[in-house]
Amino acid sequence: MHISRLDLNLLVVLDAIFTEDGITAAAAKLNLTQPAVSHALGRLRDVLGDPLFERQGRRLVPTPFARGLIEPVRQSLRGIEIALAEAERFDPATTRRRFTLGIRDVLEARILPALMHRISEVAPFVDLAAIHVDRREVEGELAAGRVDAALDIWLSLPEHIRQRRLMADRFVVVARSGHPRVRGHIDLDTYLSLQHVLVSARTTGPGLEDIELARLGHSRHVRLRCQHYFAGCRVVSQTDMILTMTEHYARITNRPFANQMLPFPIEGPGLDAYLYWHANVENDPANRWLRGMITETMAALPLRDI
DNA sequence: CAGTTCTATGCCGGCCCGAA
DNA sequence: TTCGGGCCGGCATAGAACTG
C-alpha cells in the first residue's frame, strides 16, 4: 500500500483508540462523536486490510497487526508534533531568512534606516528586501506570499488584507529659499498661479494633490513631471517652480538644499501610512515579529527631525 | 429480564475539488 | 459558474454483551 492512499489523520484516530482503550473514549478525546470514530476506524480497516480491533464482549482488543503498528505510529506522530512545534517557534536571534516589504520610495527612505538598525540589533541573520509594488497588485502579492507586508497610504482592500495605521503625514509645498513670490507661507492663489513639478512613477495621470484640487474645483499647471523626489527638489532649488510632497519625506530629501517647506494651502487628503498584511499570516510568528519591528520602529521615529 | 454500555451501520447534509 | 462525485462527520438506531 502506498502512503498517498492513506489519510494520515486516521493514524491519530488509531492512536486515540489504542490509548483510550475504546472508540467512545477516543471520540471524547478527539472531540468527535462515537460514530465518527467508528467510521474512521472502518476506513482504516479498509485501507490497511486488517480489522485492527476485535470485539471481546464490550471491549475492543487490538489485533497482532495493530499491536505491531502502534509504536511506530506513535513515534511518527510525536515526531510530527515536535516538527510542528519547532516550525511555530521563531527565534530572531538565530533565524536566517529574508523578508520582503512592498514599500514606496517615500516611506522607504523614512523607515528603512531605523528599521534596519533595529533588526540588526536583535536579528543578525535576517535580510530585508524593499520592493516597489503597484497599488493594484498589493492584494495579490500579499496573497501569493511574494510580499510579507506592505506599507502605503490608505488603500481600500478586502477584509482578508489586514491593516494598521502607522503614522500621520501631510502635504507640504517646497520652494527655493529666495523665491520671489513665496516667503514663509503660500496662499492658494499663489500656489495655483505658479508652475509645478510632479513626481510620479507613472507616465500620465494626476497626483493625489491634483485629485484633491480638482475636488475643490481647482487645477494647476504641471510643467515638469519626473520620477524622483530628489530630482524634483533639486529642480525646485534652481527654478521658481514648486513641488508638493509629503512632509516627512520632504525633510529628508531637502537636506542638501536650502528649500523652504510650507503648509499645503488647502486641507490635504489623508496621507497617513498604513501597514498591510494577509490574514493567512496573522498568527505566523515570523510575520508577527516583522510587523512588530515595523510598528515599533515607526512609533519610535521622531516626528519632526529625522 | 430490563437497563446500561459500547460498537457498527445506514442515511443525510455539508464541504471540497475537478471537470465542463 | 455550476454540477457531480467523493469524503467526512453527525444523527438515529440496531445489535451484542454485560450487570443487577
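A, B, ... follow the sequence lines: proteins, then strands. Residue 1 opens every chain. Everything numeric in this text was worked out from a predicted model, so none of it was measured.
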Less than 3.5 Å apart, any donor N or O on the side chain of Arg234(A) or Thr253(A) sitting next to an acceptor on the other? no

For Asn9(A) and for Gly57(A), find the nucleotide of DNA chain C with the closest heavy atom, then tell me which residue's nucleotide is more 5'. Asn9(A)

Rounded to the nearest angstrom, tell me the gap between atom [atom1] in [X] and atom [atom2] in [N].
X	N	atom1	atom2	value
Asp46(A)	dA8(B)	CG	P	13 Å
Gln34(A)	dT5(B)	CD	C1'	11 Å
Ile17(A)	dT7(B)	CD1	P	9 Å
Glu20(A)	dT7(B)	CD	P	12 Å
Phe53(A)	dT7(B)	CZ	C1'	13 Å

Under 6.0 Å between the ring centres of Phe65(A) and Phe53(A)? no

Aromatic ring centroids of His196(A) and Tyr191(A) under 6.0 Å? yes

Same cluster or not: Leu290(A) versus Met167(A), using hydrophobic residues (I, L, V, M, F, W, Y) connected whenever any side-chain heavy atoms lie under 4.5 Å apart? yes

Using chain A heavy atoms and a threshold of under 4.0 Å, write down where along DNA chain C the contacts begin and end, 5' to 3'. dC8(C) to dC18(C)

Select base, sugar-phosphate, or nothing to describe what Gly42(A) touches, counting heavy atoms under 4.0 Å on all strands. nothing

Sorted by position of nearest nucleotide on DNA chain B, 5' first, the leading residue of His39(A) and Arg59(A) is Arg59(A)

Please report the closest heavy-atom contact between His278(A) and Ile161(A), naming both atoms and the distance. CD2-CD1, 3.7 Å

With a 4.0 Å cutoff (strictly under), does any side-chain N or O of Ser38(A) reach OP1 or OP2 of dT7(B)? no

Give a yes or no answer on whether the side chain of Gln260(A) reaches the backbone of Arg176(A) with a donor-acceptor pair at less than 3.5 Å. yes

